[in-house]
Amino acid sequence: MADIPKRQASVEGASLRLRAVLMTAATTALGLMPLLLSTGVGSEVQRPLATVVVGGLLSSTTVTLLFLPAFYERFAAGPRSAAMR
């Protein structure tokens with residue numbers, strides 16, 4: 001395994017997962033659009049549920065793509081010195 005800098009590893013990892021995460025979030029959010037826009041019988045129960053799910057989806061996507069790579073870069077263990085092995 002090659003030693004690459006933490007910054008490069010976090011950027012590379014986030015960019016590799018970008019398409020999969022965005023496609024999953026987009027299809028789920030689009031699938032919930034009928035619930036968000038419904039006005040018929042029972043919509044007073046479905047609409048708040050769909051709103052919470054879409055909000056959670058957006059926030060978790062943001063955390064996955066932006067904050068987790070930044071946290072990895074900040075808190076991942078660096079290369080150990082010979083004395084610590």
Side-chain angles (χ1 to χ4, degrees):
M1 185 169 109
D3 288 333
I4 60 174
K6 286 189 288 185
R7 179 183 265 320
Q8 182 183 350
S10 62
V11 169
E12 209 171 294
S15 64
L16 286 174
R17 297 296 304 156
L18 177 68
R19 181 176 179 203
V21 170
L22 288 180
M23 290 296 289
T24 303
T27 55
T28 305
L30 287 174
L32 289 170
M33 281 299 147
L35 290 177
L36 281 171
L37 303 174
S38 65
T39 59
V41 177
S43 66
E44 61 274 353
V45 174
Q46 293 175 353
R47 197 174 320 134
L49 177 65
T51 303
V52 169
V53 171
V54 170
L57 188 64
L58 292 175
S59 63
S60 65
T61 301
T62 303
V63 166
T64 300
L65 294 176
L66 297 177
F67 295 130
L68 287 181
F71 287 154
Y72 171 76
E73 185 179 335
R74 173 70 174 99
F75 295 112
R80 293 183 180 189
S81 67
M84 297 180 85
R85 291 184 188 167

Please list, chain by chain and in numerical order, all residues satisfying side-chain hydrogen bond (donor to acceptor under 3.5 Å, both in side chains) with Thr61, sequence neighbours excluded.
-> none
With distance as the sole test, does Thr28 use its side chain to make a donor-acceptor pair with the main-chain N or O of Ala25 at under 3.5 Å?
-> no
Taking only residues two or more places apart in sequence, or in another chain, which ones meet Arg47 in a salt bridge (charged side-chain N to carboxylate O under 4.0 Å, His left out)?
-> none
Cluster check Phe75, Leu68: I/L/V/M/F/W/Y, side chain < 4.5 angstrom = yes
Between Ala14 and Pro69, the two heavy atoms sitting closest are CB-CG, 3.7 Å
Atom of Gly40, atom of Glu44 and distance for their closest heavy-atom approach | O-OE1, 4.5 Å
Looking at CD of Gln46 and OG1 of Thr39, how far apart are the two atoms once the value is rounded to the nearest 0.5 Å?
-> 11.0 Å
Are Leu66 and Leu58 linked, directly or through other ILVMFWY residues, by side chains that come within less than 4.5 angstrom of each other?
-> no
Knowing that exactly one of Thr24, Val21, Leu22 qualifies, which makes a side chain to side chain contact (heavy atoms under 4.5 Å, CB included) with Thr64?
-> Val21
Distance in Å, Leu65 CG paired with Ser60 OG, rounded so as to fall on 0.5 Å steps = 9.0 Å
State which residues pass side-chain hydrogen bond (donor to acceptor under 3.5 Å, both in side chains) with Arg17; sequence neighbours excluded, sorted by chain then number.
-> none
Flag yes if Leu35 and Val53 sit in one hydrophobic cluster, no otherwise; membership is Ile, Leu, Val, Met, Phe, Trp, Tyr, and two members link when side-chain heavy atoms are under 4.5 Å apart.
-> yes
Specify whether Phe71 and Phe67 have parallel, tilted or perpendicular ring planes, treating 30° as the upper limit for parallel and 60° as the lower limit for perpendicular.
-> parallel
